[in-house]
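Atom set for the values below is all heavy atoms of this structure, side chains included, hydrogens, waters and symmetry mates excluded. Numbered from 1 within each chain, the chains take letters A, B, ... in sequence-line order.
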Amino acid sequence: MSYLDELNSVQREAVTAIEGPVMIVAGPGSGKTKVLTTRIAHLMNEGADSFSILALTFTNKAAKEMKERVEKIVGTEARNLYIGTFHSVFARILRYEATKLGYPANFTIYDTDDAKNLLKSIIKEMALNDTLYKPNIVYNRISSAKNSLVGPTEYQNDYNIQADDAESGRPKIGLIYEQYAKRCFMAGAMDFDDLLLKMYQLLERFPDVLHKYQHRFKYVLIDEFQDTNFAQYSIVKKLGDVFQNICVVGDDAQSIYSFRGATIANILNFEKDYPEVRVFKLEQNYRSTQHIVKAANKVIVNNKTQITKEIWTENNDGEKIKLVKAMSDNDEGRIVCDMIFEEKMQNQRSNNDFVILYRTNAQSRAFEEQLRRLNIHYVIYGGISFYQRKEIRDVVAYLRLTVNHNDEEALKRIINFPTRGIGQTTMDKAAVLASQQNVSLWTILEHVNQQPDLSRAATPIYDFVMMIKSFAVELKKQNAFDLSTHIAKASGILKELYNDKTPEGVSRYENIQALLNGIKEFTESEEVLPAIDSDTGEVLGNAEGDRDKTLAAYLQQITLLTDADKDKNDIDRVKLMTIHAAKGLEFPCVFVVGLEENLFPSMMALDSREDLEEERRLFYVAITRAKDKLTLTYAATRYKYGNLNYCEPSRFIAEIHPSNIDDSGVPKAQPKQPMMRDDYFEAPRKTIIPKVPKTDYVHNPSPDFVADDTSNIQPGMEVEHQRFGIGTIDKVEGGGYDRIVSINFQNGVGIKKIMLKYAKLHILKSISNNQ
DNA sequence: ATAAGTCATTTTTTT
DNA sequence: AATGACTTAT
């Protein structure tokens, strides 16, 4: 068995111990994924049926990678493995079993935005103080309750929880939770946490269902076990109860999701729950240089809560860790991107070798600007995902409502988009009626003729209902792609956007085309998890059509996708992402930026030792991503909400032993003094007009803003623009108010496209232009 | 009912 | 600095 030859002795033991509970504690860079994938391959080689293996991960990306690597060893048989995220696998199972819990099979999955919107409505309807009951806070309370398997009733009966809520001045959260659960149920919707909670309830209340899946999945593997919460662990424990072939892989030192309910206790308890567990510790690091490995150990040792473990490596010393102090966030961006440029030149690196890691998504901007200046291609992971764009959400809402008429959030989103004369007043009335009669909003609209209160908007409502119903009829006749295309056209969305010739409008139109292409791909993909026979629990075979490619299945899947899941590795680009998103990845050159107190560690994490330790683990994860070149940067000043703040360097820097750090390249400390906002842009010489809307995203567009003289604007002219100072017009496209100018800004901002309709440019002079 | 204009809030990470 | 909620005018 050649695949075993590639492993060291501990790894091989961990792979071949296939019966009984196993815990693998795997330090960073210790070949964790290799062990997991080889283990799966080995299971199959030893005769395990591919349908009987369940592997759970946290991200779709990890699941995909695992599947691909197993496929490399065992071939296409790997496609029948149940490898997926907790959420997607449970969503899939619930799709077949939800009717037992009273949910439709086509249930909607509410994402965080949907959930918060619903909470907002509920808080408003209950006439609660909305400065106290913020959707965010309430959502987090409910979420952590669900992650601990606490339902609305238990929530209201739990002494400790009630005491906490009373103390924070929010005693009504229990009632909101109850109402929220009811509304979700009535809408046939589950939120992310429900996928876990309902899955658990399913296994608990229906012994036959439990029996079915317990015998179906003989081998259960959990990746990133340190990130499981109580609900996830409880489900896994139930599923694996018959065969006890549970293999968990994790590293307590890399637990960074406690805000989502993850608890290291699961790792610590595993040995208690399974006394006969075999534990393997993978401590040899194959990824990083000595300096990096030693620094990582030095940092993590400051945590009290941990399984003692020290990673070591046989690799070379390598370069020391570079520490850089910048004057401001913009300066930091410039220094980092210059270093990338230099490194590329000197050592023939490709863009793919670099990653810039930060604590919060908002930090990416300075780096983007500078990378653009140097013409280095880059890609940002995370942030606003494709599926969160307005136009995509609009189309998806139509699809969701077609599949599940009771989906309240989808309904509210599109009932008047494109505008059809059904305004807020009408919808408020309908909401009151729905709650009075204890039915869904859709039911009210469906019987609009029996509702005298809604008579004014009765006709448009009737038309809308008929349209959605006509879509639903097509569900059985057309495939997901054809139907979606039909809906996008018939709903009027495509038309609305097609008429919008602004650059934004064009890109929205293209996004919708991309969404439709995605649906087409889905209907042709082999990646979809195999279907399960809901009677027997048998996984259906390979035959075409056995994979669930209905529109409903697609919708349930995309809600669980994030931007990070898209494969962006094909193009040679520098990557920018949060540290959370970087878990499991490795790069030759890593920049960890924004190392300032209150930013990293976050000021939110300075209240308790536990929180601070989690930030430290986050730092540990960040530095152990690096193979051979690691750079840490921090800024002396940073802008927030437009205000300049002074910063202290992060305590984590001080925790690294000086022998691992090279701070020779640090610019000399400057006296603290405020800097100009636009360090690299010439300040405007005079104010032109008081307000200029942002140019690449129109907040409140006003046709009143026009250029001094649009007809005169032509290439070669120098103009002044409020925020970016001075630049020359490079290109002019289109005619009339819809003309777009490309402006080459000096001092390194690069090219910016501005639509004349929305921007006012002041012409300074015309540089000689012979054309 | 809609569009434009004014005001107030913003404090992390993600399935 | 940027965005969503609220107000006013049509």
Does either side chain, that of N129(A) or that of T131(A), offer a donor lying less than 3.5 Å from an acceptor on the other one? yes

Check the side chains of T108(A) and D407(A) for a donor-acceptor pair under 3.5 angstrom, ignoring hydrogens and angles. yes

Just compare [options] and give me whichever is closest to any side-chain atom of [X].
| X | options | result |
| --- | --- | --- |
| R359(A) | dT15(B), dT11(B), dT12(B) | dT12(B) |
| T59(A) | dT11(B), dT13(B), dT15(B) | dT15(B) |
| Y641(A) | dT14(B), dT10(B), dT2(B) | dT10(B) |
| A581(A) | dT12(B), dT14(B), dT15(B) | dT14(B) |
| H580(A) | dT13(B), dT15(B), dA2(C) | dT13(B) |

Please classify the nucleic acid contact of [X] as base, sugar-phosphate, or nothing, using heavy-atom distances under 4.0 Å.
| X | value |
| --- | --- |
| F86(A) | nothing |
| F58(A) | sugar-phosphate |
| T228(A) | nothing |

Is [X] close enough to [N] that one of its side-chain N or O atoms is under 4.0 Å from OP1 or OP2 there?
| X | N | result |
| --- | --- | --- |
| T578(A) | dT14(B) | yes |
| R638(A) | dT11(B) | no |
| K134(A) | dT10(B) | yes |
| N416(A) | dT2(B) | yes |
| N361(A) | dT14(B) | yes |
| K120(A) | dA5(C) | yes |
| T425(A) | dA1(B) | yes |

Roughly how many Å is it from [atom1] in [X] to [atom2] in [N], rounded to a whole number?
| X | N | atom1 | atom2 | value |
| --- | --- | --- | --- | --- |
| N645(A) | dT11(B) | CG | P | 15 Å |
| N136(A) | dT10(B) | CG | P | 10 Å |
| K640(A) | dT9(B) | NZ | C1' | 13 Å |
| Q232(A) | dT15(B) | CD | P | 12 Å |
| F619(A) | dT12(B) | CZ | P | 21 Å |
| L357(A) | dT12(B) | CG | C1' | 15 Å |
| I579(A) | dT14(B) | CD1 | C1' | 14 Å |
| R260(A) | dT15(B) | CZ | P | 7 Å |

Considering all heavy atoms of both residues, which atom of K583(A) and which atom of Q254(A) are nearest to each other, and what is their separation? NZ-O, 3.8 Å

Check: Y358(A) ring centre within less than 6.0 Å of F591(A) ring centre: no

When the nearest nucleotide of DNA chain B is assigned to K116(A) and to T131(A) on a heavy-atom basis, which residue is associated with the more 5' position? T131(A)

Earlier contact from the 5' end, DNA chain B, for E615(A) and F192(A): E615(A)

Tell me, please, whether Y257(A) has R260(A) positioned over its six-membered ring: NZ or CZ under 6.0 Å from the ring centre and within 45 degrees of its axis? yes

Salt bridge or not for K61(A) and E65(A), using N-O below 4.0 Å? no

Between F259(A) and dT13(B), do the rings stack, that is, sit under 5.5 Å apart with planes less than 30° off each other? yes

